[in-house]
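Working notes, structure below.
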Amino acid sequence: REDSTSTLITPPAKPKSTGTRRMFFAVTAIVLISVTALVISRHRTSDLTSPAVTGNEQAATGTQPTAVASPTIVVFPFENRGEADDTYFADGITDEIATRLVGMEGLSVLSRSSARNYDRTGKSTQQIATDLGVDYVLEGSVRWQRRSDGDSQVRVSPVLVHAPQDVQVWAESYDRDMSEIFAIQTEIASAVATQIGAAIAPSQDAQPDGAPTRDMEAYHLFLRARQAIDKGQLLLDEWSVARTLLINALEKDPTYAVAWAYLARVEAGFCHFNWDRSEERLGAARRAAARARELTPGSADEHLAHGYVYYWGEKRFAEATREFEAALALRPADVETMEALGFVARREGNYEKALQWLERAAGASPSDWRLAFNMSETLLILRRYEEALLMADRAVKFDPGAPAGYSQRAQVLANMGRVHQALEAVDEFPRETTTTSNFTAHMALAMLDTDVGMAAAARTADYEPEQFRDISGLLNRAYMQWLKDGREAAQPAFQRAIESLRSVVAEKSQESNPASLLAEALAAAGDCDEAIAMAKSALDLYPANRDMWVRETRTWDLGRVLLLCGRTQEAQALLRALCERPGSSVSREFLRAAPLYQRHSPIPQFAVVADFEL
């Protein structure tokens, strides 16, 4: 998800691929191809895959759904033919060219993620065209050559191929001074558009001279920052590096508008991913977005910057939607902006609309693992489990090294009631993160597997902030001791968890996540009056009071607190309602299948769930 990530640097990957895993991919490959084809077909042949747009919205955004397929191009990463450390520069050139193409009317551009993750090894251009649904492939090479006088030369050699016929339609070599790199990018994008021969007009979002900065050091710092963001996949350490690089770039060129826009996103991301929700952090995000608007008013980048501040920083979803729609009007083919509109709709509780936006984005970028992942999450919320499982499989297929796809697959299996398989799926995780170890502990608790659960809980941090539900390794360990030795024996462990969580709540008194977690620890320890009051108050705290998806998780937390405190009828009514509406936090199938909730559960307070009609 846009919000399902770990805040820790992960350890080395486990040895890959067992016989079971190879068999799993072989069996699902045909199904995945069919699903991909269906998504693309729906996108290209019907405007029903995009959310309905009113006349007023069309006037505001300048965009309308269309049933006519545009020429589609994939820009593969340009080969770095310079020094090994210059890969970030070649990647940056690729991204800049792709961004310019996205800003041209009448052309669909596959996302950067799709282009990077697609394995071309041993495949013909025709096969690439079939796999990705593209008409053109743009690839090339970049060589950055330093000179003894301190200046540097850059050579960019693009090649454009008509993919279905495997015909090279254009190639060129640009050999110029580094200071002309922006002009080269613009010339390449314009030449590609001309060669494709579509009715393509320059974007309103284009820089007047194609040069966002005149300071080459600032530009290289910006490229390194963007590489850290992409590489980190929303990891705290990488985003911290990106923030520092962007600040350094802006010290060299305070008029670098795109760097300000990216800094606004990064600062707002610290709020959204629950790393730092302080007013100081939010203020920094606002100031960076305002500076981007001051320097380039009306640009797609500044609209995106404000959109993320509203969405990630302030949870002002109507304003975020307005900004993202304005950005999409300037870059109609931009997959990232379509995703953002889907994410905002999801947070508002408009899950069908969110799925439509994600489907539209997937039609433009069918091999993007993140899109498949987020579609799986949205389908899970809508309780369309079989489709959610296929999309989780697809996310794994397109990026076997990312833990998120595997944990999503396990979560779908759990909600389907296939809890044994969900716990077994943990073994497929390519590497462990705080999030995956916490998931393992929770699944082991549901399955009453103390060995697996205690080992996973031991690997979980004592406390770690997360988007939806904070992690407490102390609470996980206390539950496991309850399973093994009984409630009384576990009381000291619960008290340690309570002490730890009280200190967090004292620091973050207006946040729902730690309050809700403390409420559960109190309920497990028998302090029910305080536990229930705190769990109910968490529903009125940030972000649950603004974010429907987070609120669903808080409601499930309250249900468990009520069960632990013996408020059975109240808990049953709440859980029944929760299972009847869209949501991913809990399902009837899970409650019916997990041994924790069965009649002979070693935590008898939970066992009553199995006795009422769901």
From [X] atom [atom1] to [Y] atom [atom2], the distance as rounded to the nearest 0.5 Å:
{"X": "Arg496", "Y": "Leu475", "atom1": "CZ", "atom2": "CG", "answer": "12.0 Å"}
{"X": "Phe468", "Y": "Ser512", "atom1": "CZ", "atom2": "OG", "answer": "11.0 Å"}
{"X": "Thr460", "Y": "Asn438", "atom1": "OG1", "atom2": "CG", "answer": "5.5 Å"}
{"X": "Ile381", "Y": "Met548", "atom1": "CD1", "atom2": "CE", "answer": "11.0 Å"}
{"X": "Leu563", "Y": "Ile603", "atom1": "CG", "atom2": "CD1", "answer": "11.0 Å"}
{"X": "Leu518", "Y": "Ser472", "atom1": "CG", "atom2": "OG", "answer": "9.5 Å"}

Pairing donors with acceptors under 3.5 angstrom, does anything connect the side chains of [X] and [Y]?
{"X": "Glu552", "Y": "Ser585", "value": "yes"}
{"X": "Glu466", "Y": "Thr435", "value": "yes"}
{"X": "Glu520", "Y": "Tyr479", "value": "yes"}
{"X": "Ser111", "Y": "Asp368", "value": "yes"}

Check for me whether the distance between the ring centres of Tyr118 and Phe398 falls short of 6.0 Å.
no
In this structure, is the centre-to-centre distance between the rings of Phe270 and Trp312 below 6.0 Å?
no
[Y] side chain reached by [X] side chain, heavy atoms, under 4.5 Å:
{"X": "Arg418", "Y": "Leu423", "value": "no"}
{"X": "His420", "Y": "Met447", "value": "yes"}
{"X": "Glu359", "Y": "Met375", "value": "yes"}
{"X": "Phe429", "Y": "Pro403", "value": "no"}
{"X": "Leu591", "Y": "Cys579", "value": "yes"}

Given side-chain contact (heavy atoms from CB on, under 4.5 Å), test Gln467 with Val550 step by step and report yes or no.
CA-CA 8 Å; Gln467 271 212 347; Val550 172; over 6 Å; no
Ion pair present between [X] and [Y], side-chain N to carboxylate O less than 4.0 angstrom?
{"X": "Asp462", "Y": "Arg477", "answer": "yes"}
{"X": "Glu336", "Y": "Arg265", "answer": "yes"}
{"X": "Arg112", "Y": "Asp91", "answer": "no"}
{"X": "Glu580", "Y": "Arg588", "answer": "yes"}
{"X": "Arg347", "Y": "Glu314", "answer": "no"}
{"X": "Lys536", "Y": "Glu570", "answer": "yes"}

Test Thr553 against Arg469 for side-chain hydrogen bond (donor to acceptor under 3.5 Å, both in side chains), laying out the working first.
CA-CA 7 Å; Thr553 306; Arg469 191 169 191 263; over 6 Å; no
Count the heavy atoms belonging to other residues, nucleotides or ligands that lie under 6.0 Å from CD of Glu499, then report whether that count exceeds 12.
no
Pair Ser376-Gln408, side-chain hydrogen bond (donor to acceptor under 3.5 Å, both in side chains): steps then yes or no
CA-CA 8 Å; Ser376 178; Gln408 174 62 14; 3.0 Å; yes
From Arg346, Lys315, Arg316, Arg554, residue fulfilling salt bridge (charged side-chain N to carboxylate O under 4.0 Å, His left out) relative to Asp547:
Lys315
Heavy atoms only: give me the nearest Cys271-Arg281 pair and the separation to one decimal.
SG-CG, 3.8 Å
Gly453 to Ala441 - nearest heavy-atom pair and separation:
O-CB, 4.4 Å
Going through the checks in order, is the side-chain hydrogen bond (donor to acceptor under 3.5 Å, both in side chains) test met by Tyr385 and Arg383?
CA-CA 5 Å; Tyr385 296 137; Arg383 305 194 186 280; 3.1 Å; yes
Using the rule given for side-chain contact (heavy atoms from CB on, under 4.5 Å), can you reason through Glu238 versus Ile229, listing the C-alpha separation, both sets of side-chain angles and the distance that settles it, and then say yes or no?
CA-CA 6 Å; Glu238 294 294 343; Ile229 292 170; over 6 Å; no
Among residues two or more places apart or on two chains, list those pairs meeting disulfide bond (SG atoms under 2.5 Å apart) that have a residue in residues 469-539.
Cys528-Cys565
